[in-house]
Amino acid sequence: MQGQDGERDRRGARNGGEPQAGAPACGSSAEVPAGAADAEPRRGRPRSAAAERAILDAVIALLEAGEPLAGLSIERIARTAGVGKATIYRRWSGKEELFVDVVRDMEPTDPPLSGTAGLADLRVMLESLRTRGLAQRSSVLLVNIFAQMKSHPKLWEEYHGTVIAPRRVAMLEAVRRAVAAGELRDDLDVELIDDLFVGPMLVRTVHRPDAPLPDDLADRIITALLQGLAPAARV
């Protein structure tokens, strides 16, 4: 359940929000007390980061209260967050995109990559996969959300396309860099090499939820693959 921060940054850079309830409309004849403009910030558009945080927190609060993903509406989320529906739609095209960002917000942040190293970046991504596995094991809510996501094809497709697929692309690019640097064999398909690295970690984190995830697991996987599984030659 492993993306890039680009989409989040793109949305976070947008300013916008809903006019606050009770604020006078433009052109209102209501008197404004002298000095009021200096006494408090100008009303009308809350800070984008604050509105986005309120929306994400609202979804999490509703899910923690036992609301199923399928039962959450934009109207309910907006009411809980204290914003208008337009504020949500300015940031997310629909519930699927919003729910994916909620999951990404709950998971550990993707670590930065050098973009130039091969094996070193592979290790960083394997370790990130391990820490996400630990996070999911410790969060009943995350486990529940992923279970529900898989029963909603459109939502799972959105998560796969915006989170899983970019992570796979980053892994493949790191494999190619490692091959180019002479760290890995150049006579094997890069996708097979990628699967050989990611597969063991996925088995431990996804398919064997009770399997141990020790701190050195990424290093052990890399070492085993580099050394091979054949027994050492006897002298």
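- Residues satisfying the salt bridge (charged side-chain N to carboxylate O under 4.0 Å, His left out) test with E157, not counting sequence neighbours, are none.
- For residues 196-205, the set of pairs meeting the salt bridge (charged side-chain N to carboxylate O under 4.0 Å, His left out) definition, not counting sequence neighbours, is empty.
- Judged by distance alone, the side chain of D186 and the main-chain N or O of V179 form no donor-acceptor pair under 3.5 Å.
- Residues L213 and R208 are not in side-chain contact: their nearest non-hydrogen atoms beyond the backbone lie 4.5 Å or more apart.
- Residues that satisfy the salt bridge (charged side-chain N to carboxylate O under 4.0 Å, His left out) test with E173, not counting sequence neighbours, are absent from this structure.
- For the salt bridge (charged side-chain N to carboxylate O under 4.0 Å, His left out) condition, no pair includes a residue of residues 133-149, sequence neighbours left out.
- R168 and E191 are joined by a salt bridge, as a carboxylate oxygen and a charged side-chain nitrogen come within less than 4.0 angstrom of each other.
- The salt bridge (charged side-chain N to carboxylate O under 4.0 Å, His left out) search around R76 returns E67, not counting sequence neighbours.
- By the 4.0 Å N-to-carboxylate-O rule, R132 lies close enough to D110 to be salt-bridged with it.
- Partner of L184 under the side-chain contact (heavy atoms from CB on, under 4.5 Å) criterion, out of L196, V190, L122: L122 alone.
- With a 4.5 Å cut-off on side-chain heavy atoms, V169 and P166 do not count as touching.
- For the pair M149/E158, no side-chain contact is recorded, criterion being any heavy-atom separation below 4.5 Å from C-beta on.
- Distance alone, capped at 3.5 Å, is enough to place a donor-acceptor pair between the Q148 side chain and the L69 backbone.
- Taking 4.5 Å as the limit, some side-chain heavy atom of L98 sits within range of a side-chain heavy atom of L56.
- Both F99 and I164 sit in one connected hydrophobic cluster of ILVMFWY residues. Membership requires side-chain heavy atoms under 4.5 Å apart, directly or through other members.
- Residue pairs meeting the salt bridge (charged side-chain N to carboxylate O under 4.0 Å, His left out) criterion with at least one partner in residues 209-219, sequence neighbours excluded, are R123-D219, R130-D215, D216-R220.
- With contacts defined as side-chain heavy-atom distances shorter than 4.5 Å, the pair I145/Y159 does not qualify.
- A donor-acceptor pair under 3.5 Å is formed between the side chain of E183 and the backbone N or O of L119.
- Using a 4.5 Å heavy-atom threshold, the side chains of L63 and N144 count as separate.
- Considering I74, I77, I60 in turn, I77 is the only one that fulfils the side-chain contact (heavy atoms from CB on, under 4.5 Å) rule with I55.
- Using a 4.5 Å cut-off on side-chain heavy atoms (C-beta onward), I88 and K85 make no contact.
- Note: the hydrophobic cluster containing L155 does not contain V143 (ILVMFWY, side chain heavy atoms under 4.5 Å, direct or indirect links).
- Transitive grouping of hydrophobic side chains (ILVMFWY, heavy atoms separated by less than 4.5 Å) brings L141 and V163 into a common cluster.
- Between the S138 side chain and the A135 main chain, a donor and an acceptor come within less than 3.5 Å of each other.
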